[in-house]
Amino acid sequence: MRILIVEDEPQLARHLRAALTRHGHTVEVEGQGDAALKLALTRQHDLILLDINLPALDGREILRQIRATHAPTLVMMLTARGEVGDRIKGLAAGADDYLGKPFAMDELIARVEALARRGAPAAGTVLEVSDLRMSVPQREVTRGGALITLSPREFDLLQVLMQEPGRTFARSELSRLVWQGECADESRTVDMFILRLRKKIDAGARPPLIHTLRAVGYTIRSPEAPPNPPCSSLS
Ligand code: CA
């Protein structure tokens, strides 16, 4: 695997590099948070070993930005904060695994091998909300088995919504995740694309999946799922 080690403790970084290289991996090391994010966003890695406390940029923020790109890169958080709360927060933020320091190198290698066997995160391959199905690698969307043709941006927007059914996304968040700061009039652009998605996905007598929470944003959820309390003003 191509592995990026993001660790500012030089001795630990050296040991990690040596052990992973010995096991046949191609390894890059970066100790500065901002430089590590740049590497993560510009080069392809199969796995990133990510420390949390880093100079210049926190590991959590790096993880957030990596996940915002929807790249299938695996991320294992490495941190001295070994408490359960941090572990849950790390996994909820999109980490694939979590290892508390200090750890035995053998355990790290075993976890890396397990992640390699598992491959890209399963959630990245097929997403389903009710009878709406998205195959991410094929960039194919069907509803009730019927193929729906989407533009690349429409697909990206739908993917963001389908990755977290029931979660309400603000327009500004959708704009950042899908357009990455490229669109000037973010609210109108997001509204227009949502309208286009609705025409394609919720057309006809089908129960609607895309919902508006007034003054909040948009969510996708199956008709059986209850709306998020306390906001029930759905349209
Ligand atoms: Ca550190």
Taking Arg67 first and then Asp96, would you say they form a salt bridge - that is, a charged N and a carboxylate O separated by under 4.0 Å? yes
Electrostatic pair Arg14-Glu7, nearest N-O below 4.0 angstrom: no
Considering only heavy atoms from C-beta outward, does the side chain of [X] approach that of [Y] to under 4.5 Å?
| X | Y | result |
| --- | --- | --- |
| Arg196 | Ser151 | yes |
| Val141 | Arg133 | no |
| Val6 | Ile48 | yes |
| Ser222 | Pro165 | no |
| Tyr98 | Val75 | no |
| Arg153 | Val178 | yes |
| Leu132 | Leu158 | yes |
| His23 | Val112 | no |

Atom of [X], atom of [Y] and distance for their closest heavy-atom approach:
| X | Y | result |
| --- | --- | --- |
| Met76 | Leu108 | SD-CD1, 4.3 Å |
| Thr42 | Lys38 | OG1-O, 2.6 Å |
| Tyr218 | Asp191 | OH-OD1, 2.6 Å |
| Ala36 | Leu4 | O-CD2, 4.0 Å |
| Leu54 | Gly31 | CD2-O, 3.8 Å |
| Asp51 | Lys101 | OD1-NZ, 3.1 Å |

Evaluate the side-chain contact (heavy atoms from CB on, under 4.5 Å) criterion for residues Leu115 and Leu47: first the C-alpha distance (whole Å), next the side-chain angles of each, then the deciding distance (0.1 Å), finally the verdict. CA-CA 8 Å; Leu115 280 177; Leu47 170 66; 3.8 Å; yes
State whether Phe169 and Arg167 meet the cation-pi test: NZ (Lys) or CZ (Arg) under 6.0 Å from the six-membered ring centroid, and within 45° of the perpendicular axis. yes
Reported [atom1]-to-[atom2] distance for the pair [X] and [Y], which is rounded to 0.5 angstrom:
| X | Y | atom1 | atom2 | answer |
| --- | --- | --- | --- | --- |
| Phe193 | Asp156 | CZ | CG | 9.5 Å |
| Ile5 | Asp8 | CD1 | CG | 13.0 Å |
| Glu9 | Leu78 | CD | CG | 12.0 Å |
| Leu150 | Leu157 | CG | CG | 9.5 Å |
| Leu50 | Leu74 | CG | CG | 13.0 Å |
| His25 | Arg2 | NE2 | CZ | 12.5 Å |

Looking at Arg188, I'd like to know if its CZ atom is crowded, meaning that more than 12 non-hydrogen atoms belonging to other residues, nucleotides or ligands lie closer than 6.0 Å. no
Check step by step if salt bridge (Lys or Arg N to Asp or Glu O under 4.0 Å) holds for Glu28 and Arg43. CA-CA 11 Å; Glu28 275 186 284; Arg43 297 205 201 149; 2.3 Å; yes
For the pair Leu49 and Leu20, evaluate side-chain contact (heavy atoms from CB on, under 4.5 Å) and give the outcome as yes or no after the intermediate values. CA-CA 11 Å; Leu49 298 182; Leu20 291 164; 3.7 Å; yes
Show your reasoning for whether side-chain contact (heavy atoms from CB on, under 4.5 Å) applies to Arg111 and Leu99. CA-CA 9 Å; Arg111 298 265 200 112; Leu99 194 55; 3.4 Å; yes
When you look at Arg143 and Asp202, which way does the side-chain contact (heavy atoms from CB on, under 4.5 Å) test go after all the steps? CA-CA 9 Å; Arg143 183 152 187 203; Asp202 289 341; 3.1 Å; yes
Going by the salt bridge (Lys or Arg N to Asp or Glu O under 4.0 Å) test, name the single residue among Arg139, Arg198, Lys200 that passes it with Glu154. Lys200
